[in-house]
Colleague: 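Please read through the structure below; I'll follow up with questions.
Count residues from 1 along the sequence. The shown structure was predicted, so the numbers you read here are calculated from the model rather than taken from an experiment.
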Amino acid sequence: MRTANEEARRHKEIEIMETCFDCYVENGFTSVGVKAIAKACGCSSASLYLYFDNLDDLIVKSTEYCMSKVEDEFMAKAPTDVEDLWRFIDEIPYWTAKKHGKKYRLMYQVYTHPKYREYGQKFFKGVNERYTEYARSLEPKLGIPHEKLTPLIFILIRACVHYALFEDEFYMKSQIETLKEILELFIAKYTPNARSGTFTE
């Protein structure tokens, strides 16, 4: 169990990570230094090093923490059943692009940078594990085996992120329509009594 001091320290770490990430989101990855981060956090540059080893450590940890929160928000909007699935698929690309678009752009700037690529590999390995668990949580709601759902989740996420990054609606819609067709086949196979979706634009 954490002590009060440990809880306070963790709270401050989270506050700094969120502020750091927001600064980069709004101002660009190469435009914000330690002094600007410290000022935004309401502390001195020296104080930042009480919580993080260096600026690289802060960048990596803030990106991981804040993008994990984005994942949590995404998963919280999961469909509740087969009928709700179609609403979810139609709404989620636009919702996440509006709410998280800048964050996705920053994440790829960080994780494709030569200094941080190994951290990106680690983060996305974790994504694989988390989305597999996400599929497991959807299995009883949708009646489709999680082994079948997992790759479909990756297709959906790729379509959503690509749209958030580039606002390429043609790419997104083509991916989504293919995803819907696959889901229709799986629903017919695994839950034949469920009502299928209606494809609308």
Side-chain angles (χ1 to χ4, degrees), residues 1-78 92-137 150 153-167:
M1 179 179 290
R2 288 180 175 174
T3 66
N5 286 342
E6 289 172 334
E7 289 288 348
R9 179 182 176 84
R10 180 56 180 167
H11 178 79
K12 185 63 177 179
E13 285 178 356
I14 290 172
E15 179 184 319
I16 292 171
M17 287 189 292
E18 291 180 338
T19 301
C20 171
F21 196 74
D22 287 344
C23 282
Y24 283 125
V25 162
E26 294 302 323
N27 300 292
F29 181 45
T30 61
S31 303
V32 184
V34 174
K35 290 183 179 179
I37 296 294
K39 182 178 180 181
C41 293
C43 64
S44 67
S45 299
S47 296
L48 292 179
Y49 296 117
L50 297 174
Y51 299 92
F52 302 93
D53 295 340
N54 48 48
L55 185 58
D56 291 334
D57 185 45
L58 174 55
I59 289 170
V60 168
K61 288 180 178 176
S62 65
T63 300
E64 179 181 7
Y65 176 80
C66 292
M67 291 312 298
S68 292
K69 284 185 65 179
V70 169
E71 285 182 10
D72 291 341
E73 290 182 31
F74 192 101
M75 293 178 184
K77 294 182 75 68
I92 201 71
Y94 299 101
W95 171 81
T96 197
K98 182 177 180 180
K99 187 164 186 179
H100 303 128
K102 290 182 178 180
K103 295 177 182 179
Y104 287 128
R105 289 192 283 275
L106 176 59
M107 177 188 72
Y108 279 98
Q109 288 179 53
V110 172
Y111 285 148
T112 57
H113 193 287
K115 289 175 68 175
Y116 309 125
R117 187 169 179 272
E118 65 178 291
Y119 298 101
Q121 290 174 319
K122 180 181 177 182
F123 178 80
F124 282 104
K125 182 178 180 181
V127 166
N128 295 343
E129 295 168 356
R130 290 189 293 274
Y131 285 165
T132 298
E133 288 305 308
Y134 185 37
R136 289 182 189 276
S137 73
T150 300
I153 291 171
F154 283 112
I155 293 172
L156 175 62
I157 298 299
R158 176 175 288 275
C160 288
V161 173
H162 186 92
Y163 179 69
L165 292 173
F166 305 111
E167 298 180 358

Colleague: Kindly compute the distance separating CD (Glu133) from OG1 (Thr150), expressed to the nearest 0.5 Å.
Modeller: 9.0 Å
Colleague: To the nearest 0.5 Å, tell me how far Met75 CE sits from Ile153 CD1.
Modeller: 7.5 Å
Colleague: For Lys61, which residues count as a salt bridge (charged side-chain N to carboxylate O under 4.0 Å, His left out) partner, sequence neighbours excluded?
Modeller: Asp57
Colleague: Do Phe74 and Ile157 come close enough that some side-chain heavy atom pair is under 4.5 Å?
Modeller: yes
Colleague: So which heavy atom on Tyr104 is nearest to which on Thr96, and how close?
Modeller: OH-OG1, 3.0 Å
Colleague: Looking at every non-hydrogen atom in both residues, tell me the closest pair between Tyr24 and Val32 and how far apart they are.
Modeller: OH-O, 3.3 Å
Colleague: Between Ser62 and Ile59 (side chain of the first, backbone of the second, donor and acceptor by atom type, cut-off under 3.5 Å), is there such a pair?
Modeller: yes
Colleague: Please round to the nearest 0.5 Å and tell me the distance separating atom CD1 of Ile14 and atom NZ of Lys69.
Modeller: 8.0 Å
Colleague: Look only at the side chain of Thr19 and the backbone of Ile16, and say whether a donor-acceptor pair between them is shorter than 3.5 Å.
Modeller: no
Colleague: When you check the gap from the basic side-chain N to the acidic O, do Glu15 and Lys12 get nearer than 4.0 Å?
Modeller: yes
Colleague: Name all residues meeting the ring pair (Phe, Tyr, Trp, His ring centres under 6.0 Å) criterion together with Phe21; count only those two or more places apart in sequence or in a different chain, and write none if there are none.
Modeller: none
Colleague: Would you please name every residue forming a ring pair (Phe, Tyr, Trp, His ring centres under 6.0 Å) with Phe166, sequence neighbours left out?
Modeller: His162
Colleague: If you measure from the Lys or Arg side-chain nitrogens to the Asp or Glu carboxylate oxygens, is any gap between Glu7 and Arg10 under 4.0 Å?
Modeller: no
Colleague: Within this structure, what is the NE2-CE distance for the pair His100 and Met67, rounded to the nearest 0.5 Å?
Modeller: 7.5 Å
Colleague: Backbone N or O of Ala164 within a donor-acceptor pair of the Arg105 side chain at under 3.5 Å?
Modeller: yes
Colleague: Using residues 114-129 as the side-chain source, report each donor-acceptor pair under 3.5 Å to any protein atom, sequence neighbours left out, with the distance given to one decimal.
Modeller:
{"residue": "Lys115", "atom": "NZ", "partner": "Asp56", "partner atom": "OD1", "Å": "3.0"}
{"residue": "Lys115", "atom": "NZ", "partner": "Asp56", "partner atom": "OD2", "Å": "3.3"}
{"residue": "Tyr116", "atom": "OH", "partner": "Asp56", "partner atom": "OD1", "Å": "2.5"}

Colleague: Mind checking the SG-OH spacing from Cys160 to Tyr94? Nearest 0.5 Å is all I need.
Modeller: 10.0 Å
Colleague: Could you tell me which non-hydrogen atom of Tyr163 sits nearest to which non-hydrogen atom of Pro93, and how far apart they are?
Modeller: CD2-O, 3.7 Å
Colleague: Counting heavy atoms not belonging to Arg158, are there more than 12 under 6.0 Å from its CZ?
Modeller: no
Colleague: Can you give me every donor-acceptor pair (side chain of residues 37-53, partner residue at least two apart or in another chain, under 3.5 Å) with its distance?
Modeller:
{"residue": "Ser44", "atom": "OG", "partner": "Ser47", "partner atom": "N", "Å": "3.1"}
{"residue": "Ser44", "atom": "OG", "partner": "Ser47", "partner atom": "OG", "Å": "2.9"}

Colleague: Minimum heavy-atom separation for Trp95 to Glu73, with atom names?
Modeller: CH2-O, 3.8 Å
Colleague: Holding to salt bridge (charged side-chain N to carboxylate O under 4.0 Å, His left out), I want the full list of residues that pass it with Lys77, two or more places apart in sequence or in another chain.
Modeller: none
Colleague: Look only at the side chain of Thr112 and the backbone of Tyr108, and say whether a donor-acceptor pair between them is shorter than 3.5 Å.
Modeller: yes
Colleague: Once rounded to the nearest 0.5 Å, what's the spacing between atom CZ of Arg9 and atom NE2 of His11?
Modeller: 14.0 Å
